[in-house]
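Please read the structure below before turning to the comments.
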Amino acid sequence: MITEEINREHIKKSLAKLDEIYGVTKESFYHQQPWQLLAAIMLSAQSTDKQVEEVLPQLFNRFPNAENMAEASLDEIEDAIRSIGLYKNKAKNLKKCCQQIMEEFGGEVPEDMEGLLCLAGVGRKTATLYRSDAYGIPGVTVDTHVFRISRRLGWATGKDPVQVELELQDVLEEEHWNRINFQLIYHGRAVCTARKAKCGECVLEAWCEKKMD
DNA sequence: ATCCCGAGGG
DNA sequence: CCCTCTGGAT
C-alpha cells in the first residue's frame with residue numbers, strides 16, 4: 001500500500017514537471033478538414049513530424065479532400081509523400097482509407113473508435129490521437145515513446161501498448177490523458193531516448209524507477 | 001516475428 | 001557507416 005502511495009506521489013510530481021517543461025497544449029498538424037488531420041497522423045507513423053509537415057501543403061493542394069485521393073493513382077500519391085519513407089505502404093493505405101471513407105462513411109471520417117479502426121492504415125495509436133486532436137476526446141495515445149518511458153518511470157508494466165494504455169488510464173487523471181502523449185514524445189526525443197538515455201539531465205530522475213529495457 | 005523506407009543524427 | 005524514427009498489416 002505504501003509503495004502505491006509513493007508511486008502516485010511520484011507520478012503527480014512528474015506530471016507537474018512535464019506540464020512546466022513542455023507545456024499543456026500542442027498544435028495539431030496543419031489541416032483544413034478532418035480527413036486531412038487523419039492523413040497527417042497516418043503519415044507520421046515511424047517518421048518525424050517535421051518530415052510530415054514538409055509534404056502536407058503540396059499533398060493537400062493536390063488532394064484537397066478524401067474523394068480526390070480515393071480516385072488518384074498510387075503513383076501520384078507516392079510521389080507526393082516519397083520523402084517521408086514507408087511511402088508505398090502509406091500511399092496504398094491512404095488511397096484505400098479514402099475509398100472506405102467515401103463508400104462506407106458517406107464522405108465523412110468516422111468519429112467513433114470502431115469506425116476509425118476499420119480504416120486501412122489506422123490502428124489504435126492513430127485513432128486515439130485523431131480523436132484527441134480533432135475533438136478533444138480524452139484518450140491515452142500509446143506510441144513507442146509513451147510505451148517506453150511510462151514503463152521506465154514505473155507507471156506501467158504491461159508488455160503491449162493496449163495493456164499500458166489501460167494502466168495509464170487508471171493511474172493518470174483524465175485531465176492529463178491528451179497531453180501526456182506529446183509531453184513524453186518531446187521528453188523521449190530530447191532526454192529519455194531509446195538508447196543511452198540521458199538520466200543525468202532528466203527533470204524526472206528523482207521520481208523515476210529507471211526500469212530500463 | 002517481419003517488412004516497409006527516406007532522412008537525419010551520431 | 002550504422003542507427004532510429006509519434007505504426008500498421010501480414
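In what follows, every heavy atom counts, from backbone to side chain, and hydrogens, waters and symmetry copies are set aside. Every value quoted in this text rests on a predicted model; they were computed, and no experiment measured them.
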Problem - Close approaches to DNA chain B from residues 39-50 of chain A, in residue order (heavy atom, under 4.0 Å) - result: none
Check: [X] side chain, [Y] main-chain N or O, donor-acceptor pair, under 3.5 Å:
X	Y	result
A/Gln51	A/Thr48	yes
A/Ser132	A/Thr128	no
A/His31	A/Phe29	yes
A/Glu174	A/Pro138	no
A/Glu103	A/Cys98	no
A/Glu165	A/Thr141	no
A/Lys95	A/Ala72	yes

Problem - A/Asn65-A/Gln36 side chain donor-acceptor pair, cut-off 3.5 Å - result: no
Exercise for the section: May I ask you to check whether A/Ser83 and A/Glu54 show a side-chain donor-acceptor distance below 3.5 Å? Expected result: no
Rounded to whole Å, please give me the gap between [atom1] in [X] and [atom2] in [N].
X	N	atom1	atom2	answer
A/Phe147	C/dT4	CZ	P	16 Å
A/Asn181	C/dC5	CG	C1'	14 Å
A/Ile180	C/dT6	CD1	C1'	14 Å
A/Arg195	C/dC5	CZ	C1'	12 Å
A/Glu54	B/dG6	CD	P	16 Å
A/Trp177	C/dT6	CH2	C1'	20 Å

Practice task
Please measure how far the C1' atom in B/dC5 lies from the corresponding atom in C/dC2, and state the result in whole Å.
Solution key: 15 Å
Exercise for the section: Please state the P separation for the pair B/dG9 and C/dT6 - nearest whole angstrom. Expected result: 13 Å
Fill in the blank from the handout: What one should report as the nearest heavy-atom pair of A/Ala120 and A/Cys97 is O-CB, 3.6 Å
Fill in the blank from the handout: For A/Pro34 and A/Tyr130 the tightest heavy-atom approach is CB-OH, 3.2 Å
Handout entry: Approximate separation, where rounding is to 0.5 Å, of A/Leu204 CG and A/Lys17 NZ
Key = 8.5 Å
Completion exercise
Value for CG (A/Leu38) from CD1 (A/Ile101), rounded to nearest 0.5 Å, stands at 6.0 Å
Expected output is a numbered-order residue list: members of [range] with a heavy atom under 4.0 Å from any atom of DNA chain C. What is it?
range	answer
residues 182-190 of chain A	A/Ile185, A/Arg189
residues 79-99 of chain A	A/Leu86
residues 110-127 of chain A	A/Leu119, A/Ala120, A/Gly121, A/Val122, A/Gly123, A/Arg124, A/Lys125, A/Thr126
residues 19-26 of chain A	A/Lys26

Anything under 3.5 Å between a donor and an acceptor, one on a side chain of residues 185-192 of chain A, the other on a protein residue two or more places apart or in another chain? List them.
from     : atom 1 : to      : atom 2 : distance (Å)
A/His187 : ND1    : A/Tyr22 : OH     : 2.6
A/Arg189 : NH2    : A/Asp49 : OD1    : 3.3

Handout entry: Joint hydrophobic cluster, A/Leu168 plus A/Met113, side-chain heavy atoms closer than 4.5 Å
Key = no
Exercise for the section: Could you state whether A/Val55 and A/Ile77 fall into the same hydrophobic cluster, counting links through intermediate Ile, Leu, Val, Met, Phe, Trp or Tyr residues with side-chain heavy atoms under 4.5 angstrom apart? Expected result: yes
Problem - Side-chain N,O (A/Thr144) to OP1/OP2 (C/dG7) below 4.0 Å - result: yes
